Amino acid sequence: MYSEEQMSYFSSNLLDWYRTHKRDLPWRRSKNPYYIWISEVMLQQTRVDTVIPYFHRFVEQFPTVEALALAPEEDVLKAWEGLGYYSRARNLQSAVREVHERYGGVVPQEKAEISSLKGVGPYTSGAILSIAYNKPEPAVDGNVMRVLSRYFLIEEDIMKPATRVRMEKLAKQLIMEGTASEFNQALMELGAMVCTPRSPHCLTCPVMAHCSAREAGMEESLPIKKKAKPPRPELRAVALIEGTGEHEGKWLIRQRPQEGLLAKMWELPHVEWPSSEWPEDPVETMNSLRGLIAEQEQMTISPAAWFMDTEHVFSHIVWNMKVFRARLGDGGRLRDGGDWVPFHYRWVGSDELSQYAFPNVFIRIMKAWQERSHG
DNA sequence: AACTCGGGGGT
DNA sequence: ACCCCAGAGTT
């Protein structure tokens, strides 16, 4: 396929480069497969600098497989708060519980076994097996596909599963005997530090001499990647509900359903706006908000004033949000009778908020609220 | 193959 | 205003 010369040059030069240039990252200070596993899950779709503080806190709070297996799920979700893709945290704990119970707490070394764990896909299984156990398995992520597509000038769409499979075969062939752990990390390190998405630093690249894209002047136009669809807009009206009487000084929050977007996270009550744009008159918006909350939440509120606008961008949705301060109607009581209520509600004071895991957008709103009410 | 699932940093 | 990121699960 590719010349032996081009391949062996790549492997040996990349390895030499990595040994002298690798960053000192927290998860590189041990080969504990449990720590490697945590880091790899956190690093899915997330940058190194973002992950570092979360990794430190997480391994301190859950230092062993057993500690994580026995922890309450809500504690794990709280430790993940702000990192995003929260199913990663729930899948990780579920998988760690399986390792605890079925494998006696030892992360399995067989590809089939480790791949069967929740949240452990082709990349993560290869990364753990190679980095922690030095097994010659490929670990192909976005960095690796970018590097390989350039060095070997591969013009296939990296969004296609077939392209990743091809890259895995190639990446495996490139692993020299006994070097899997270092080589796979070297590939990713090159992608992160040198062979970057835009304006790659070819002049400092250890394998530039035989890089096919560089020779062809195509390093900036690879890899080929089909454009993602833009996120669909959603309007959402948020009720910032302040308690009265026995709930004075508290806010009303609710927990999201077990599955789906932001599963099991806590949030401020809000409704999707049934139209593609906001009314011009905020009074009309507040009246409609009261009606929607009454329909959907079986709860009467009195919206009092516009508080702020904000935006929250997901990969596939963008929430365009209007936040209103409000009080609870019906004498300030939650309806707790036989009516169907879709969410689990709770009154909490500002000192209790830290016990609950919130998506960042609601943390931003609540911070703005605190700053404005008692500066 | 297409969609779901967060959030932030780089340019 | 985009782009991308140490991806995996579901349909």
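Labels below follow one simple rule: chain letters A, B, ... track the order of the sequence lines, proteins then strands, and each chain is numbered from 1. This is a predicted model, so every value here is computed, not measured.
Through chains of ILVMFWY side-chain contacts below 4.5 Å, A:L153 is grouped with A:M218, A:L222, A:I224.
Here A:K118 lies in heavy-atom contact (under 4.0 Å) with sugar-phosphate atoms only. Heavy atoms of A:T124 sit under 4.0 angstrom from primed sugar atoms or phosphate atoms, though from no base atom. Looking at heavy-atom distances under 4.0 Å, A:V361 makes no contact with the nucleic acid at all.
A close approach under 4.0 Å does occur between a side-chain nitrogen or oxygen of A:R146 and OP1 or OP2 of C:dC5. At the phosphate of C:dG7, OP1 or OP2 sits under 4.0 Å from a side-chain N or O atom of A:Q45. The side chain of A:H312 places no N or O atom within less than 4.0 Å of a non-bridging phosphate oxygen (OP1 or OP2) of B:dG6.
Considering CD of A:E137 and CD1 of A:I128, their distance stands at 12.0 Å, rounded to 0.5 Å.
Within residues 11-27 of chain A, the residues approaching DNA chain C are A:R23, A:L25, A:W27, by heavy-atom distance under 4.0 Å. Scanning residues 173-206 of chain A for heavy-atom distances under 4.0 Å to DNA chain C yields A:M188, A:P197, A:R198.
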- Note on the structure: Dot-bracket assigned to DNA chain B with the 3.5 Å Watson-Crick/G-U criterion, [ ] for crossing and | for other-strand pairs, is |||||.|||||

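Nearest to the side chain of A:T46, among B:dG7, B:dA1, B:dG6, sits B:dG6.
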Sort me out a list of protein N/O and nucleotides 2-5 of chain B N/O pairs below 3.5 Å, or just none if empty.
| unit_1 | atom_1 | unit_2 | atom_2 | d |
| --- | --- | --- | --- | --- |
| B:dA2 | OP2 | A:K226 | NZ | 3.1 |
| B:dC3 | OP1 | A:K229 | NZ | 3.4 |
| B:dC5 | OP1 | A:L261 | N | 3.1 |
| B:dC5 | OP2 | A:H316 | NE2 | 3.4 |

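With sequence neighbours excluded, the residues forming a side chain to side chain contact (heavy atoms under 4.5 Å, CB included) with A:L235 are A:W273, A:W278, A:N320, listed by chain and number.
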